[in-house]
There are 2 protein chains.
Amino acid sequence: MARILLAEDDAGQAFVLQSYLEHEGHDVRVAGDGLLALAEYRRSPPDLIVLDVMMPGLDGVDLCRLIRSESPVPIIMVTAKTDESDVLAGLDVGADDYVAKPYSPRLLVARIRAALRRSGLDSHLRRYEIGELVVDAERFEAALGGTPVDLTPREFGILAALATGPGRAFTRREILDLAVGFDHYALERTVDMHLFNLRRKIEHDATQPRYVLTVRGRGYKLADE
Amino acid sequence: MARILLAEDDAGQAFVLQSYLEHEGHDVRVAGDGLLALAEYRRSPPDLIVLDVMMPGLDGVDLCRLIRSESPVPIIMVTAKTDESDVLAGLDVGADDYVAKPYSPRLLVARIRAALRRSGLDSHLRRYEIGELVVDAERFEAALGGTPVDLTPREFGILAALATGPGRAFTRREILDLAVGFDHYALERTVDMHLFNLRRKIEHDATQPRYVLTVRGRGYKLADE
DNA sequence: AACCACGATCAAGGCCTGATCAAGAGCCGA
DNA sequence: TCGGCTCTTGATCAGGCCTTGATCGTGGTT
């Protein structure tokens with residue numbers, strides 16, 4: 001769902017949070033101190049960052065200022081101090097939200113969800129049209145020439161995944177990751193099956209597909225017109 | 001009429017304003033400083049916010065920016081400074097209107113009325129009709145074919161949450177967030193139960209729902225026609 | 001032309017999801 | 001404080017969906 005960078009020096013807390021977030025389908029990376037976090041951020045910019053203020057090396061406030069100067073990525077600060085000045089410092093350097101320790105992991109997870117929603121990232125919720133085919137992720141519905149098509153959740157998920165990049169060829173693994181989740185282990189063959197069933201529902205002639213195209217040696221793609 | 005959050009550290013002024021506004025039928029909550037205001041805002045998002053710029057802790061400008069980043073709720077700033085830069089700062093972070101101290105309570109009340117009217121909160125947004133079903137968030141009531149339906153607070157909250165996006169498929173988590181609050185933790189299954197009970201009250205045939213539709217693999221949605 | 005690799009197709013079993021029931025916990029008004 | 005209603009949760013059940021193993025067909029390669 002989203003790639004989250006967790007900068008937290010307390011390994012225990014980090015692990016708990018990581019579990020929660022991964023359970024929600026996020027891709028979580030943990031950095032034990034500020035410098036590692038910065039390196040990780042540079043190596044692969046995440047969709048959201050959770051920063052502990054108190055960290056060895058580079059502390060959260062400085063790190064926040066640094067990152068904020070390069071990117072508008074949502075940053076949530078976590079602090080043990082209840083001191084208001086701490087909150088202010090955090091917001092001052094551009095943090096998007098802040099949570100005081102001790103916090104319940106679920107509260108922080110909720111804040112993260114809210115921040116992601118705000119950043120519009122959890123909304124690959126959009127509407128795609130390819131010829132007669134309409135894929136509406138918001139309504140979780142697909143239609144063909146105005147007529148709703150009855151798809152199973154997996155079929156819809158895979159179709160929506162392909163629809164995020166019409167014309168782009170996805171591997172089966174990419175499709176599984178996008179439609180089912182990173183932590184899901186199914187044979188890649190399964191994707192074939194779903195697309196086979198999907199074709200029976202939306203293709204006029206399954207041997208001559210109009211929408212779901214096979215890319216031999218790679219995977220599948222959605223026609224882009 | 002409307003729920004108004006008043007962030008003002010001067011208890012005297014706050015009291016006067018509160019009296020005026022309540023006299024007009026509004027539901028007013030007062031927060032003495034910025035952090036309290038933020039907490040209160042999160043606990044229960046109001047329909048309009050009046051912010052004093054000068055406040056201990058989190059000041060009005062920062063608070064405004066913070067809130068604006070997550071919601072389009074109308075915000076009116078109040079400041080003692082007559083300085084133009086202050087006005088600009090306020091408008092810059094997304095305030096909808098701006099009133100200089102000292103102001104007459106009547107003037108501020110008038111501005112509030114205007115802002116509410118602009119936001120269309122007068123009536124429309126908080127009332128939704130679909131077929132025989134009417135959901136009126138303003139009155140906290142639902143009716144079926146003109147006959148009031150007796151719903152529990154949760155049932156109504158969930159129905160109203162779904163009504164904010166008719167036709168849109170909500171996950172159980174989203175429904176909980178919207179209807180109960182971000183920091184409330186109930187199992188997602190609970191939503192099923194409420195909707196089950198809700199269906200018994202508003203659906204003619206619960207096995208063939210007309211209003212509350214199940215979106216397998218995702219959650220629920222309200223029919224949009 | 002023959003072989004090989006990959007995708008298409010079929011059938012079946014296990015698993016997951018949502019509906020439903022029952023009961024304990026919590027909250028509010030009397 | 002007590003009683004009643006609401007909220008929440010656990011358990012169960014049925015149906016549909018997901019997954020998989022096997023097999024067939026076809027395109028690509030040598």
Side-chain angles (χ1 to χ4, degrees), chain A residues 23 25 106 140 142 149-162 169-181 183-222, chain B residues 140 142 149-162 169-181 183-221:
Chain A
H23 184 260
R106 309 200 52 146
F140 217 75
V149 184
D150 186 36
L151 301 180
T152 70
R154 280 282 191 278
E155 286 160 7
F156 182 84
I158 289 177
L159 179 58
L162 292 177
F170 293 84
T171 66
R172 292 171 174 72
R173 178 53 58 190
E174 286 173 334
I175 293 172
L176 278 177
D177 285 351
L178 285 172
V180 187
D183 52 351
H184 195 271
Y185 302 109
L187 297 189
E188 302 194 350
R189 185 80 41 78
T190 304
V191 175
D192 295 31
M193 196 62 234
H194 287 303
L195 285 175
F196 167 63
N197 291 320
L198 181 59
R199 276 173 169 162
R200 286 205 300 201
K201 295 181 180 178
I202 66 175
E203 298 288 0
H204 186 267
D205 175 8
T207 67
Q208 204 90 21
R210 159 78 179 85
Y211 300 109
V212 178
L213 309 180
T214 301
V215 182
R216 198 176 174 81
R218 169 110 182 142
Y220 297 90
K221 72 171 164 182
L222 208 56
Chain B
F140 215 76
V149 184
D150 185 35
L151 300 180
T152 70
R154 278 283 189 278
E155 285 161 7
F156 183 83
I158 289 177
L159 180 58
L162 292 178
F170 293 83
T171 66
R172 291 171 175 71
R173 178 56 60 189
E174 286 172 333
I175 293 172
L176 279 177
D177 286 352
L178 287 171
V180 188
D183 43 4
H184 193 272
Y185 309 116
L187 296 189
E188 302 193 352
R189 187 74 46 77
T190 304
V191 176
D192 295 30
M193 198 62 236
H194 286 303
L195 285 176
F196 169 64
N197 291 321
L198 181 59
R199 277 174 168 163
R200 286 203 301 200
K201 295 180 180 178
I202 66 174
E203 298 287 359
H204 185 266
D205 175 7
T207 67
Q208 204 94 20
R210 160 80 178 83
Y211 302 109
V212 177
L213 310 179
T214 300
V215 183
R216 187 163 242 273
R218 172 113 182 141
Y220 297 89
K221 74 162 130 182

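Bear in mind the structure is a predicted one, so any value in this text is a computation, not a measurement. By convention in this document, chain letters (A, B, ...) are assigned in the order of the sequence lines, proteins followed by strands, and residues within each chain are numbered from 1. What's counted below: heavy atoms across the whole structure, side chains too, no hydrogens, waters or symmetry copies.
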For this session: State whether A:Arg218 and A:Glu174 are salt-bridged, where the test is any N-O pair (Lys NZ or Arg NE/NH1/NH2 against Asp/Glu carboxylate O) under 4.0 Å.
Result: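 Yes, charged N to carboxylate O under 4.0 Å.
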
Problem set entry | Side-chain ion pair, A:Arg172 and A:Asp192, N-O less than 4.0 Å |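 Yes, charged N to carboxylate O under 4.0 Å.
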
For this session: Would you mind classifying the nucleic acid contact of B:Arg216 as base, sugar-phosphate or nothing, using non-hydrogen atoms under 4.0 angstrom?
Result: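 Counting heavy atoms under 4.0 Å across all strands, the contact made by B:Arg216 includes a base.
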
Tell me the interatomic distance from [X], atom [atom1], to [N], atom [atom2], rounded to whole angstroms.
| X | N | atom1 | atom2 | result |
| --- | --- | --- | --- | --- |
| A:Leu151 | D:dG16 | CG | P | 17 Å |
| B:Asp150 | D:dT6 | CG | P | 7 Å |
| A:Ile175 | D:dC18 | CD1 | C1' | 16 Å |

Ignoring hydrogens and angles, tell me if any N or O in the side chain of [X] forms a donor-acceptor pair with the backbone of [Y] under 3.5 Å.
| X | Y | result |
| --- | --- | --- |
| B:Lys221 | B:Phe170 | no |
| A:Glu203 | A:Arg200 | no |
| B:Lys201 | B:Val149 | no |

Minimum side-chain heavy-atom gap [X]-[Y] below 4.5 Å:
| X | Y | result |
| --- | --- | --- |
| A:Leu222 | A:Leu213 | no |
| B:Arg199 | B:Thr214 | yes |
| A:Thr171 | A:Leu176 | no |

Please pick, from [options], the nucleotide with the shortest atom-to-atom distance to any side-chain atom of [X].
| X | options | value |
| --- | --- | --- |
| A:Leu187 | D:dC7, D:dT9, D:dG21 | D:dG21 |
| A:Arg200 | D:dC7, D:dC18, C:dC10 | C:dC10 |
| A:Ala186 | C:dG18, C:dG7, D:dT20 | D:dT20 |

Exercise. With ring centroids as reference points, do B:Phe156 and B:Phe140 lie under 6.0 angstrom apart?
Worked result: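 Yes: the rings meet the under 6.0 Å criterion.
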
State whether [X] places a side-chain N or O below 4.0 Å from either non-bridging phosphate oxygen (OP1 or OP2) of [N].
| X | N | value |
| --- | --- | --- |
| B:Arg218 | C:dT17 | no |
| B:Thr207 | C:dA19 | no |
| B:Tyr220 | C:dT17 | no |

For this session: Mind listing the residues from residues 188-196 of chain B sitting with a heavy atom below 4.0 Å of DNA chain C? Number order is fine.
Result: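 Output list: B:Asp192, B:Met193, B:Phe196.
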
Please list, for nucleotides 25-30 of chain C, all pairs of protein and nucleotide N/O atoms separated by less than 3.5 Å.
none

Problem set entry | Position toward the 5' end of DNA chain C (nearest nucleotide), B:Arg172 or A:Arg199 |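 Taking each residue's closest nucleotide, the earlier one in sequence belongs to A:Arg199.
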
Problem set entry | Which residue lies more 5' along DNA chain D, comparing B:Thr152 with A:Pro153 via nearest heavy atoms |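 Nearest-nucleotide comparison on DNA chain D picks B:Thr152.
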
